[in-house]
Amino acid sequence: MPAARESLLDAAYTALTKRAWTAIRMVDVAAAAGVSRQTLYNEFGSKDGLARALVRRETENYLAGVARALSRGASAAGTRGDAAGRVVAAAAWTLRTARANPLVRAALTGCWGGRLPTPSPAPAAMAPAGPARLGVPVRRTAAVEGPLPGPAELVGRFCDQAVAALEPDWPAEELPALGTACETAARLTLACVVAPVAPGPGRAAGRIPAQRSRRELETEAVARLVRGAFARVPAGAPPAEPE
């Protein structure tokens with residue numbers, strides 16, 4: 001019952017924007033979605049199951065946005081284009097989503113707070129393999145079950161998506177350097193989420209709207225950091241002309 005499932009998740013997310021998770025009742029979520037409480041329990045099993053599904057959906061939607069940002073401005077065949085710019089776009093999307101979506105921010109930072117759900121961990125036997133070594137990207141796939149993605153997993157998947165989007169234009173011998181740049185960019189992006197940039201002198205409230213200036217500063221800061229990471233990637237030789 002996919003339509004009912006999405007409606008229930010939408011209703012749960014809307015309820016979470018208005019009150020703490022502990023104050024949200026399953027019967028109210030079901031009523032808001034226009035289904036019975038039994039349907040809600042059939043879909044998710046428990047309130048914890050609903051929380052896990054909601055967190056997983058929001059983080060997967062965030063990662064889908066990362067992929068879209070990386071795909072914009074893709075280079076023509078055989079050219080690199082603005083690779084750093086594509087990763088900057090993914091980093092900017094990350095900052096915007098973390099500001100707007102408390103569940104994504106919590107998953108990225110590991111700081112859930114009292115208002116948000118804290119889904120129980122999955123059994124240890126279902127835990128995924130550890131993150132890739134720096135500069136040696138490893139493809140990750142989101143499991144339907146198992147532990148929800150936390151900061152390390154989301155950084156790894158950001159990195160892997162960036163490498164997958166950019167590596168077709170890179171010579172094989174330079175892929176380790178590309179992997180290092182992408183992982184560095186992912187970690188720097190997370191650092192900007194964890195510790196947002198504060199407005200500097202001359203941007204006090206009353207002169208420039210504080211929220212807008214903070215967003216501009218954060219975006220500018222992460223763009224500088226990401227471009228700095230890519231500035232160290234070897235330029236490499238141009239692609240060979242077809243015979």
Side-chain angles (χ1 to χ4, degrees), residues 1-66 92-128 142-158 189-199 205 209-215 218:
M1 196 180 293
R5 185 179 182 86
E6 285 302 307
S7 295
L8 286 163
L9 292 172
D10 289 341
Y13 185 84
T14 299
L16 188 59
T17 65
K18 300 175 181 177
R19 55 190 181 275
W21 183 254
T22 53
I24 295 173
R25 301 189 307 164
M26 295 285 272
V27 64
D28 294 333
V29 173
V35 302
S36 68
R37 185 172 61 171
Q38 187 60 50
T39 297
L40 173 54
Y41 279 101
N42 288 345
E43 285 291 330
F44 303 106
S46 65
K47 189 175 182 181
D48 182 70
L50 175 61
R52 291 177 61 81
L54 183 59
V55 173
R56 189 177 297 284
R57 184 187 73 164
E58 297 307 307
T59 53
E60 290 301 322
N61 286 344
Y62 153 68
L63 289 167
V66 170
W93 161 258
T94 298
L95 295 182
R96 290 196 304 273
T97 307
R99 282 192 296 261
N101 190 318
L103 292 177
V104 172
R105 178 175 178 81
L108 283 167
T109 63
C111 300
W112 289 90
R115 288 185 54 83
L116 300 178
T118 52
S120 61
M126 301 176 72
V144 175
E145 300 296 338
L148 294 170
E153 179 69 9
L154 291 173
V155 165
R157 291 178 67 182
F158 181 114
T189 301
L190 177 60
C192 289
V193 172
V194 172
V197 177
Q211 187 177 27
R212 180 171 180 269
S213 63
R214 184 179 298 110
R215 290 179 179 180
E218 289 175 357

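Of all heavy-atom pairs spanning Pro102 and Ala100, the tightest one is CD-O, 3.6 Å. Residue Phe44 comes nearest to Ala53 through the heavy atom pair CE2-CB, 3.5 Å, listed as atom of the first residue, atom of the second, then distance. Shown here for Val29 and Leu8, the closest heavy-atom pair between the two residues is CG1-O, 3.7 Å. For the pair Ala12 and Ile24, the tightest heavy-atom approach, listed with the atom from each and the gap, is O-CD1, 4.4 Å. Heavy atoms only, all atoms of each residue included: Ala20 and Gly114 are closest at CB-O, 4.5 Å. The two atoms that bring Ala98 and Val193 nearest to each other are CB-CG1, 3.8 Å, heavy atoms only.
A donor-acceptor contact closer than 3.5 angstrom is absent between the side chains of Thr17 and Thr14.
Checked options Thr97, Thr94, Asn101; the residue passing with Tyr62 is Thr94 (criterion: side chain to side chain donor-acceptor pair (under 3.5 Å)).
Residue pairs meeting the salt bridge (Lys or Arg N to Asp or Glu O under 4.0 Å) criterion with at least one member in residues 17-34, sequence neighbours excluded, are Arg25-Asp28. For the salt bridge (Lys or Arg N to Asp or Glu O under 4.0 Å) condition, the pairs that include at least one residue of residues 95-116, sequence neighbours left out, are Arg99-Glu218.
The side-chain heavy atoms of Leu54 and Trp21, taken from C-beta on, include a pair separated by under 4.5 Å. Taking the side chain as every heavy atom from C-beta outward, Val35 and Ser7 never approach each other to under 4.5 Å. The shortest side-chain heavy-atom distance between Leu190 and Phe158 does not fall under the 4.5 Å cut-off. Side-chain atoms of Thr59 and Leu148, non-hydrogen and from C-beta on, never get closer than 4.5 Å to each other. In this structure, the side chains of Glu43 and Leu40 stay at 4.5 Å or more apart for every pair of heavy atoms. Looking only at side-chain heavy atoms (C-beta outward), Pro149 and Leu154 come within less than 4.5 Å of each other. Considering only heavy atoms from C-beta on, Pro117 comes within 4.5 Å of Leu16 through its side chain. Within the 4.5 Å cutoff, the side chain of Trp112 has heavy atoms near those of the Val55 side chain.
A salt bridge between Asp10 and Arg5 is absent, with no side-chain N of the basic residue lying under 4.0 Å from a carboxylate O of the acidic one.
To the nearest 0.5 Å, the span separating CG on Leu50 from OH on Tyr41 amounts to 9.5 Å. Distance check, rounded to the nearest 0.5 Å: CG of Leu103 to CG of Asn61 gives 11.0 Å.
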